[in-house]
Amino acid sequence: MKVAPEVPAEEVSGEAQGAPIEAGADQVERLLADLNGPQREAVTFGEGPLLILAGAGSGKTRALTHRIAWLLATGLAHPNQILAITFTNKAADEMRERVSSLVGGASRRMWVMTFHAACARLLRIEAERLGYTPRFTIYDEADSLRMLKRCLDELEVDTKRYPPRAVRARISDAKNQLIDAETYQETAGGPFEEMVGQAYRLYERRMLEANSMDFDDLLMRTVNVLELFEDVRRRYRERFRWVLVDEYQDTNHAQYRLLQLLCGEDGNLTVVGDEDQSIYGFRGAEVRNILEFTIDFKDAHVVKLEQNYRSTETVLEAANAVISHNTGRLGKNLWSDHGEGEKIHVAELEDEHAEARFVAGEIEELIDQGGMSRDEIAVFYRTNAHSRVLEDILVRYELPYQVIGGTKFYERAEIKDAIAYLQLMVNPADEVSFSRVINSPRRGIGDTSQGRLRNHANTTGRTIWEVAVEPEAVPGLAAAAIKSISRFTELIEELRAEFEGGPVADLLKALLERSGYLDALRAERTIEAEGRIENLEELVGVAAEFDANREVEGSSELEPLEEFLQAISLYTDQDDLKRDESKVTLMTLHNAKGLEYDAVFIIGCEEGVFPHSRSLEEGNEEEERRLAYVGITRARKRLWMTHARSRRMFAGRETGFPSRFLSELPEELVDREGTEEQALTGWSLGGNGAPSPKADLSLSFATGDDVTHASFGDGVVTAVEPGGVIVVRFASDGTERKLMADYAPLRKAS
DNA sequence: TAATATTACCTTTTT
DNA sequence: GGTAATATTA
């Protein structure tokens with residue numbers, strides 16, 4: 001994980017300085033030299049709206065970065081007129097790096113960042129017009145949920161009937177649609193929506209009081225400021241004469257409106273996207289934005305990039321075949337000249353354990369026989385829960401792996417606590433951060449005392465911090481609580497005074513020690529606490545790295561701490577998907593977008609799992625199919641899709657039919673297989689329901705089977721005992737061992 | 001106030 | 001099956 005200062009470290013290399021942009025024709029030629037026809041067309045398009053429809057693996061980042069370089073080289077754009085927007089920090093970093101390798105230090109004057117980062121940056125300058133200070137806090141989803149819960153409590157909403165998450169989702173949807181609280185309330189139909197309207201209103205008020213914005217606010221407030229203040233709008237329009245957007249298919253309404261305000265309908269807006277890879281509809285992304293770009297932006301020019309530089313023809317044909325079942329496409333057909341390649345392997349397994357064993361076995365073979373390196377292999381699944389069984393088996397096979405996603409570093413309680421302390425120093429109005437740390441570590445300031453503080457704050461119209469600074473004035477507070485609160489606020493004040501403007505790492509270290517936070521963890525003497533301490537140490541490391549980078553850069557008007565928080569609050573370890581060369585990668589299909597691997601496994605291809613039943617209920621079959629499309633097109637050479645006949649879900653075991661996406665694969669591209677005889681017979685002969693666990697096990701191994709164990713090597717099954725135990729005699733040392741068939745890293749030798 | 005027992009819940013999640 | 005948020009009790 002790394003958090004770079006806002007202006008990144010792309011030092012001007014001597015080479016780049018020696019070859020200034022004005023080099024002219026020569027330079028332009030070089031830029032275009034290794035591009036194909038459509039790419040070149042996209043890169044050299046002049047003024048006006050441009051839509052680049054870029055299929056998977058068609059070199060869209062290349063087109064985008066070269067276009068930026070071309071605009072500079074031809075003198076059409078100055079670096080500071082360029083705004084290049086991505087969705088992830090990782091994509092932003094990559095783009096910045098690639099642009100900088102093309103144009104050198106000029107890239108430092110451009111804004112290359114995510115939507116949210118760009119908005120945050122703009123709002124730090126303009127937010128005062130909306131009643132915020134430039135030091136506002138950015139709340140992540142968990143923070144904003146805390147805030148909302150408090151609002152719901154205050155409104156005495158029954159959170160059993162109306163779960164806060166559901167309310168938050170509604171508010172988030174509304175914000176993505178740019179519907180403000182008042183409008184929402186006016187148009188509310190039914191009691192739930194009226195309650196949401198009320199909650200929304202209160203939430204907005206409290207957020208403003210806390211000088212805080214959630215992720216959705218960053219977009220919506222930016223739109224507000226541009227809509228309300230013509231001078232601001234004019235200023236940024238003139239400033240950003242060239243706007244380029246990556247992954248346009250994932251934009252929501254607020255982002256669309258933002259671009260409209262910034263570019264007008266005939267501005268120099270370049271968007272790149274692929275409607276077939278729109279997989280974030282559930283978060284408000286609107287495919288219509290890309291489908292109707294040419295209507296929204298006058299006379300937009302369209303370029304299609306259809307040559308794929310990644311996958312074999314078989315993989316692409318499979319992807320094309322699946323996605324062709326969707327309607328409402330702009331129509332693209334990927335092709336490649338990488339040759340036919342291997343067929344798609346479709347495997348039917350007994351249950352999730354057999355599936356995991358199968359995958360592990362195939363991976364082992366790829367590495368041992370195929371000579372493939374582990375970092376070229378990935379396993380995708382629909383939901384995070386599916387990684388567990390697989391992880392168990394991989395451990396038993398002694399296959400090193402990494403899981404992307406799941407519990408994130410910055411979402412860990414201890415990390416959030418530490419950051420909340422810092423946040424509170426910068427923005428004392430930040431109520432959520434205050435509540436987070438006031439009693440963490442335990443200071444004997446529980447719910448009742450906190451309630452009294454909050455009450456007093458509400459009645460006197462002050463922030464909770466202002467009230468906490470003089471706790472004597474709060475009615476009902478116990479003497480012990482008063483003392484404790486004073487000690488807390490004094491600590492914060494002290495630290496602030498002592499470390500103002502200094503290195504963030506020093507402040508963080510002092511804070512963790514002096515607050516007693518580390519001591520409390522040390523006192524726990526548990527493995528979890530150990531882990532937490534390590535995480536905090538890592539955070540200090542992140543801060544130290546940030547400080548060091550900042551030193552080099554010398555940069556910016558902001559205080560180091562403010563800058564650090566700005567960076568960290570928009571950074572997730574999503575951005576940290578760096579490739580670990582010695583590990584197989586496991587992740588959800590959503591996380592797979594934008595990545596590629598030589599060998600890909602998509603597991604859990606069953607109706608109800610993938611496509612997910614809830615998605616189907618909501619009528620999102622097409623989005624699920626796009627997810628399949630994304631998954632398939634990640635594979636360069638080899639692709640496996642597996643399904644299990646029964647799978648443990650929630651409490652019990654459920655039978656699952658093969659995913660519709662499997663039947664959408666053209667038969668001639670598919671090679672069906674399974675580890676077990678039984679598996680090959682498939683569903684047509686499959687009888688009714690799941691076999692009993694016993695049958696299940698006896699299916700796996702029989703006396704006389706040749707097997708391979710991950711650590712003991714080759715052997716033969718000499719007995720099958722009840723309870724899933726089998727006896728195996730190993731060739732290496734002749735010993736017999738009793739093993740659990742379901743859990744041992746065993747597979748049948750071929 | 002804090003620690004422990006119980007119970008409801010449960011996709012995906014770029015920021 | 002595992003978590004996370006209540007309910008209960010010390």
Side-chain angles (χ1 to χ4, degrees), chain A residues 85-92 113-120 138-145 149 159-160 163-166 169 172 175-176 213-219 246-247 249-252 254-255 277-285 352 380-386 388-389 392 404-408 410-411 413 439 441-450 478 480-481 484 566-577 587-595 604 608-618 620 623-624 626-627 630-631 647-653:
Chain A
I85 304 180
T86 64
F87 273 82
T88 66
N89 295 300
K90 184 179 163 244
M113 54 185 88
T114 65
F115 266 109
H116 290 81
C119 289
I138 298 169
Y139 282 177
D140 67 11
E141 243 145 80
D143 295 332
S144 98
L145 192 63
K149 271 184 190 153
T159 49
K160 284 260 165 56
R165 304 182 60 92
S172 178
K175 287 186 179 180
N176 288 161
M213 299 199 200
D214 63 29
F215 288 148
D216 303 320
D217 283 331
L218 292 175
L219 302 172
D246 195 11
E247 306 277 17
Q249 77 280 355
D250 290 332
T251 51
N252 63 29
Q255 287 157 335
Q277 292 190 66
S278 166
I279 55 174
Y280 286 102
F282 67 95
R283 295 194 84 206
E352 72 273 25
F380 305 149
Y381 33 79
R382 180 63 235 267
T383 73
N384 282 120
H386 293 138
R388 252 199 41 252
V389 176
D392 285 351
I404 305 296
T407 12
K408 295 176 182 118
Y410 288 106
E411 284 169 14
N439 201 31
R442 306 260 118 97
R443 295 187 176 87
I445 307 166
D447 290 345
T448 21
S449 300
Q450 286 183 48
S484 217
Q566 161 74 33
I568 222 170
S569 51
L570 292 174
Y571 237 94
T572 64
D573 29 62
Q574 198 54 46
D575 309 309
D576 205 31
L577 312 170
M587 66 178 103
T588 61
L589 284 151
H590 282 88
N591 274 322
K593 194 165 78 165
L595 304 174
V609 175
F610 183 39
H612 199 281
S613 51
R614 218 163 122 185
S615 211
L616 294 175
E617 279 162 28
E618 284 163 23
N620 293 330
E623 183 151 314
E624 293 287 303
R626 291 194 289 264
L627 201 49
V630 167
R647 184 179 296 275
R648 177 172 213 127
M649 312 200 59
F650 313 131
R653 181 157 286 284

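Numbers restart at 1 for each chain; the letters A, B, ... are given by sequence-line order, proteins then strands.
Note: CG (Asp250(A)) to C1' (dT12(B)) measures 13 Å, nearest angstrom. In this structure, CG of Leu145(A) is placed 12 Å from P of dA4(C), rounded to the nearest angstrom. The nearest whole Å value for the distance from the CZ atom in Phe282(A) to the P atom in dT14(B) is 8 Å. Atoms CZ (Phe380(A)) and C1' (dT12(B)) sit 15 Å apart, rounded to a whole Å. When rounded to the nearest whole Å, the span between CG of Leu616(A) and P of dT12(B) equals 15 Å. One interatomic measurement links the two molecules: CG of Asp447(A) to C1' of dT6(C), which rounds to 12 Å at whole-angstrom precision. In this entry the distance linking CG of Asn176(A) with P of dT14(B) reads 15 Å, nearest Å. We find that CG of Leu589(A) is positioned 10 Å from P of dT13(B), with the value rounded to whole Å.
An OP1 or OP2 oxygen of dT13(B) is reached within less than 4.0 angstrom by a side-chain nitrogen or oxygen of Asn384(A). Here Arg648(A) reaches the OP1 or OP2 of dG1(C): one of its side-chain N or O atoms lies under 4.0 Å away. Side-chain nitrogen and oxygen atoms of Arg165(A) include none within less than 4.0 Å of the OP1 or OP2 phosphate oxygen of dC9(B). OP1 or OP2 of dT11(B) has not a single side-chain nitrogen or oxygen of Asn620(A) nearer than 4.0 Å.
Nucleic acid contact class of Thr588(A) (heavy atoms, under 4.0 Å, all strands): sugar-phosphate only. Within 4.0 Å of Arg382(A), counting heavy atoms only, lies at least one base atom of the nucleic acid. Across all strands, Asp140(A) comes closer than 4.0 Å to no nucleic acid atom at all (heavy-atom distances). No engagement by Asn252(A) is indicated, since no non-hydrogen atom pair under 4.0 Å with the nucleic acid exists. Using a 4.0 Å heavy-atom distance criterion, Glu618(A) is classed as a base contact. Counting any heavy atom pair closer than 4.0 Å across all strands shown, Gly594(A) reaches no nucleic acid atom.
Mapping Glu247(A) and Ser449(A) onto DNA chain B by nearest heavy atom places Ser449(A) closer to the 5' end of the strand. Each of Glu623(A) and Ala481(A) lies near DNA chain B, and the nucleotide nearest Ala481(A) is the one positioned closer to the 5' end.
Side-chain proximity of Thr88(A) to dT13(B), dT15(B), dC10(B): nearest is dT15(B). Counting only heavy atoms from C-beta on, Asn591(A) has its side chain closest to dT13(B) among dT11(B), dT13(B), dT15(B). For His612(A), whose side chain is taken as the heavy atoms from C-beta onward, the closest listed nucleotide among dT11(B), dT15(B), dT14(B) is dT11(B). With dG2(C), dT12(B), dT15(B) as the candidates, the nucleotide lying closest to the side chain of Arg388(A) is dG2(C). When the nucleotides dT14(B), dT15(B), dA5(C) are ranked by their closest atom to the side chain of Asn89(A), dT15(B) comes out on top. Taking every side-chain heavy atom of Glu141(A) into account, dT15(B) is the closest of dA2(B), dT15(B), dA5(C). Here the nucleotide nearest the side chain of Phe215(A), chosen from dA2(B), dT14(B), dT15(B), is dT15(B).
Here the two rings, on Phe87(A) and His116(A), have centers that are 6.0 Å apart or farther. Between Phe282(A) and His590(A), the gap from one ring centroid to the other is short of 6.0 Å.
Applying the 90° criterion around 0 to the glycosidic angle, dT11(B) comes out syn.
Residue-to-nucleotide contacts include a donor-acceptor pair under 3.5 Å from the side chain of Arg283(A) to the base of dT13(B). A donor N or O paired with an acceptor N or O is found under 3.5 Å between the base of dT15(B) and the side-chain atoms of His116(A).
With sequence neighbours excluded, the residues that form a side chain to side chain contact (heavy atoms under 4.5 Å, CB included) with Arg614(A) are His612(A), Glu617(A), Glu618(A). A search for side chain to side chain donor-acceptor pair (under 3.5 Å) contacts involving Gln255(A) returns nothing, not counting sequence neighbours.
Look at the C1' atom in both dT11(B) and dT6(C): the space between them is 24 Å, to the nearest Å.
Counting heavy atoms from C-beta outward, Phe610(A) and Leu627(A) have side chains that approach closer than 4.5 Å.
Asn89(A) places a side-chain N or O within donor-acceptor distance of the main-chain N or O of Leu570(A), the cut-off being under 3.5 Å.
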